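Remarks on the structure that follows.
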Number of protein chains: 2
Amino acid sequence: MSDTTATDGRVIGERALQTRRRILETTAALLREQGALDLKVMDVAREVGASPATFYQYFADVEDAIFALSVEMIEKVAPIHAQMAADWNEGATGLDHARRLVSEYTDFWDVNGAVLRIMLLRADERDERFRQIRRDYNAPFMTAMVAKVRSAQDSGRLTTALDAEATAGAMLAALDRLPNYREGFEKRGTSREAMIETVARLLYSSLTGAPLS
Amino acid sequence: MSDTTATDGRVIGERALQTRRRILETTAALLREQGALDLKVMDVAREVGASPATFYQYFADVEDAIFALSVEMIEKVAPIHAQMAADWNEGATGLDHARRLVSEYTDFWDVNGAVLRIMLLRADERDERFRQIRRDYNAPFMTAMVAKVRSAQDSGRLTTALDAEATAGAMLAALDRLPNYREGFEKRGTSREAMIETVARLLYSSLTGAPLS
DNA sequence: TCGTCTATCTGACGGATTGTCAGAACTGAA
DNA sequence: TTCAGTTCTGACAATCCGTCAGATAGACGA
């Protein structure tokens, strides 16, 4: 059922699986180097050292390959989800837990940003299949954060004027966009650590109602 | 100096200016409809009813046209900057001012999101000229917010453990990404108003140190 | 009105990319 | 080695890219 298939639908074997993987890794590498807007099937095929026809055997176009890479992001991010769930379920969420989450997620962005950016872009551009992936990718973060907000609201530590989903979304937005600003920050004297500390505190405050003063 | 030029550098006249404008509007429209990844020069030329050669007379490629649209975003967003500056300079920043800012900026995203997304994408992908535009586009927001944070920190209402730039950046991140999640939010019962209220409160709290409880 | 000058636009071209076959090359099993 | 199934590719038509030289349109003076 979850077997990997070629574009004609047939299940593929070991050799083909390796070819497919080489195509994916090359796509990811070129995406990092030159961005998505002028990434051609030809570029990938040349770099892989295969005929363009080979590419089309596994993917409909470059976007389709990026889609496959996006699907893989869900598994790749799972350890961060797991860590977060483990931390947050053992009782009170501490600032240290927030720091660890922000730090690990920032590292994740540094490695996988090129793919994540296109996943978010295509979802933002209303492509339904990318939206589905974005949902699956975000869901564990959102669920955990929404629960934290609701819990803080129930115990009166956080105002109910905040919408739980929107609050979680805003924090996710910060986590997803700030790594992209890091270079600019560093040029102006804000270190990676300072950024992580700041986001961690904003996150902690928004989810628990702890004051920022 | 600031005259609009063709790709060969010559300053263009009235008729050409109209053609250039039609190309830009068409590019923006197609960008909204079908996204950026498979937007061809041919598509734009066909829609405009002109030869592809006419397109190349004004822009090097589709990305170059989107760049020109991005440059225009700076002027287009200026009224929001102005409103913000006017509100925030008359003394204490109120929650109402934050609400207005978030509301207007969300509307701005609803209209110009297609272009803004590519501007941010290309800047995130390290394209220097888009980075310059992103800086110019963000600078007034950042400057104003950073000043608010510093002021709140100086008067002891906000912890100095927050980095001012990173705090402002995090809020800008929320403003820039949340409009993209609105459809999903609405499907799950979070209205536009609830989203705006939430972001406004998070913004207000982060910039002034006011508690969220 | 007419011709002339200049700005603007385009047909047409060589070259590159896309996407699709039929068949070649490879692989493992017998 | 042969064979059957799998994987890969050369070659092709269609499309797109990017660039000219030359066609067209508009302004202006006679």
Side-chain angles (χ1 to χ4, degrees), chain A residues 2-27 29-31 33-69 118 122 127 129, chain B residues 1-27 29-31 33-68 118 122 127 129:
Chain A
S2 74
D3 283 330
T4 305
T5 60
T7 42
D8 60 8
R10 82 171 196 288
V11 175
I12 64 180
E14 186 57 32
R15 179 165 56 126
L17 215 58
Q18 285 177 11
T19 303
R20 196 186 109 108
R21 180 111 305 268
R22 260 171 32 236
I23 291 173
L24 282 176
E25 300 302 341
T26 303
T27 302
L30 291 178
L31 206 55
E33 290 167 24
Q34 59 183 70
L37 289 194
D38 63 343
L39 182 50
K40 316 281 189 200
V41 169
M42 270 296 213
D43 298 332
V44 178
R46 253 195 296 270
E47 185 77 13
V48 169
S51 155
T54 302
F55 181 99
Y56 287 109
Q57 194 159 20
Y58 299 104
F59 305 105
D61 48 31
V62 172
E63 183 178 318
D64 193 36
I66 299 176
F67 179 77
L69 288 166
I118 306 306
R122 294 298 296 138
D127 181 291
R129 60 180 199 157
Chain B
M1 264 306 150
S2 74
D3 283 330
T4 306
T5 60
T7 42
D8 59 9
R10 82 169 196 290
V11 175
I12 64 179
E14 186 55 33
R15 181 163 58 125
L17 216 58
Q18 286 176 11
T19 303
R20 197 186 110 106
R21 180 110 305 268
R22 265 177 20 242
I23 291 172
L24 282 176
E25 299 302 341
T26 303
T27 302
L30 291 178
L31 206 54
E33 290 167 23
Q34 59 184 69
L37 290 194
D38 63 343
L39 182 51
K40 316 280 189 203
V41 168
M42 273 291 196
D43 298 333
V44 178
R46 252 195 296 271
E47 185 75 13
V48 170
S51 154
T54 302
F55 181 99
Y56 287 109
Q57 195 157 16
Y58 299 104
F59 305 105
D61 49 30
V62 172
E63 183 178 318
D64 193 36
I66 300 176
F67 178 77
I118 306 307
R122 293 299 295 138
D127 181 291
R129 60 179 200 157

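The sequence lines fix the lettering, A, B, ..., with proteins before strands; numbering per chain opens at 1. All of these numbers come straight from a predicted model, not from anything done at the bench. When reading the values below, keep in mind they use all heavy atoms of this one structure, side chains included, and skip hydrogens, waters and symmetry mates.
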- Task: Could you check which residues of residues 58-69 of chain A get a heavy atom under 4.0 Å from DNA chain D? Sort them by number, please.
- Result: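 Result for residues 58-69 of chain A: A:Tyr58, sorted by number.
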- Does B:Arg129 make a cation-pi contact with B:Phe67, if we ask for NZ or CZ under 6.0 Å from the ring centre and within 45° of the axis? yes
Just to confirm, is there a sub-4.0 Å distance from OP1 or OP2 of [N] to any side-chain nitrogen or oxygen of [X]?
X	N	answer
A:Arg10	D:dT7	yes
A:Thr19	D:dC8	yes
A:Thr54	D:dC8	no

[X] [atom1] to [N] [atom2]: how many Å, rounded?
X	N	atom1	atom2	answer
A:Ile12	C:dT27	CD1	P	16 Å
A:Gln57	C:dT18	CD	P	17 Å
A:Gln18	D:dT7	CD	P	11 Å
B:Phe55	D:dC16	CZ	C1'	13 Å
B:Leu39	D:dC16	CG	P	12 Å

- Task: Using a 4.0 Å heavy-atom cut-off across all strands, classify B:Ala6 as base, sugar-phosphate, or nothing.
- Result: nothing
- Query: Under a 4.0 Å heavy-atom cut-off, which of residues 41-49 of chain B touch DNA chain C?
  - Reply: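 Per residue number, the list is empty: none.
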- Item | Validation row: A:Leu37, B:Leu37 side chains within 4.5 angstrom (heavy atoms) |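 Sidechains of B:Leu37 and A:Leu37: in contact.
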Detail all sub-3.5 Å separations between protein N/O atoms and N/O atoms belonging to nucleotides 19-29 of chain D.
none

